[in-house]
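Nothing fancy with the numbering, it's 1 onward along the sequence. The figures that follow rest on heavy atoms only: side chains count, while hydrogens, waters and symmetry mates do not.
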Amino acid sequence: MKIKNPLLRLIFAKQLGESEEEKKLQIDMLRYRDNKLATTLGYIGMLCFILAFCFIYSTIKISDSDNINLLGITQSGFLCGLDIFINIIMLLFLFLAINQIKVYSKKWAFATIGLGAFQILRAFLYPLALLNAGILDGGLFTVVLILYIICGALLIFAGIATVLLHNTLENYLKTVKAIENERLAK
């Protein structure tokens, strides 16, 4: 069985019957390749995040008479504006993080893990407040909740995969001569 993903090949090298030389070759190839697994997971997570955002804001109507209460804040317009601002900042930050984990950046991998955890947590903040106020339908809340959880899980997995590949590549690079255009970022 041929596995193309470098992370999976490194993890299952013994089960695949790869020699130590083949394993070193796979690690050496990381010097030239982008982190496609984590980048793909990050973009799919971003797509889930965008879909959740679209589902919420295409179906709700906010007015001053709404009875929204989130952490003691009851001004529905302020909460809506704050959520939109957070979504825009998160999308920009997420796009930057995905571009950095493409080159095995360890600190951006940790940032991606943090973003994933925040995405899971935030499903229980504003969307839940909208559900409790009767503005958001229960079925739509479930869809949004699932999308936020999928997004968070994908981002966490992308971050963990990047940390593992970064550490593997970093340890390997200590044993060989540096070359131009290596893909390892700090």
Result block: side-chain N/O donor-acceptor pairs under 3.5 angstrom for residues 140-149, not counting sequence neighbours:
| from | atom 1 | to | atom 2 | distance (Å) |
| --- | --- | --- | --- | --- |
| Thr142 | OG1 | Gly138 | O | 2.9 |
| Tyr148 | OH | Arg122 | NH1 | 3.3 |

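- A distance of 11.0 Å separates CZ in Phe95 from CD in Gln100, rounded to the nearest 0.5 Å.
- In plain terms, the two heavy atoms of Thr162 and Ala38 that are nearest each other are OG1-CB, 3.2 Å.
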Taking it one step at a time, do Lys102 and Lys36 satisfy side-chain contact (heavy atoms from CB on, under 4.5 Å)?
CA-CA 7 Å; Lys102 183 183 349 181; Lys36 289 180 185 175; over 6 Å; no
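- Rounding to the nearest 0.5 angstrom, the gap separating the CG atom in Leu96 from the CD1 atom in Ile101 is 10.5 Å.
- To the nearest 0.5 angstrom, Leu94 atom CG is 7.5 Å from Gln119 atom CD.
- The backbone N or O of Trp108 sits less than 3.5 Å from a side-chain atom of Thr112, completing a donor-acceptor pair.
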Test log, rule side-chain contact (heavy atoms from CB on, under 4.5 Å), inputs Ile160 and Val163:
CA-CA 5 Å; Ile160 291 170; Val163 169; 5.7 Å; no
Does the pair Ile113 and Leu155 meet the rule for a side-chain contact (heavy atoms from CB on, under 4.5 Å), with working shown?
CA-CA 6 Å; Ile113 293 169; Leu155 293 177; over 6 Å; no
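- Atom CG of residue Leu130 and atom CD1 of residue Ile135 lie 5.5 Å apart, to the nearest 0.5 angstrom.
- When all heavy atoms are compared, the tightest approach of Gly152 to Ile120 is CA-CG1, 3.8 Å.
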Kindly determine whether Tyr104 and Glu170 satisfy side-chain contact (heavy atoms from CB on, under 4.5 Å), including the steps that lead there.
CA-CA 10 Å; Tyr104 307 99; Glu170 186 178 48; over 6 Å; no
Could you pull out every donor-acceptor pair under 3.5 Å between side chains of residues 46-57 and any protein atom, sequence neighbours left out?
| from | atom 1 | to | atom 2 | distance (Å) |
| --- | --- | --- | --- | --- |
| Tyr57 | OH | Asp83 | OD2 | 2.5 |

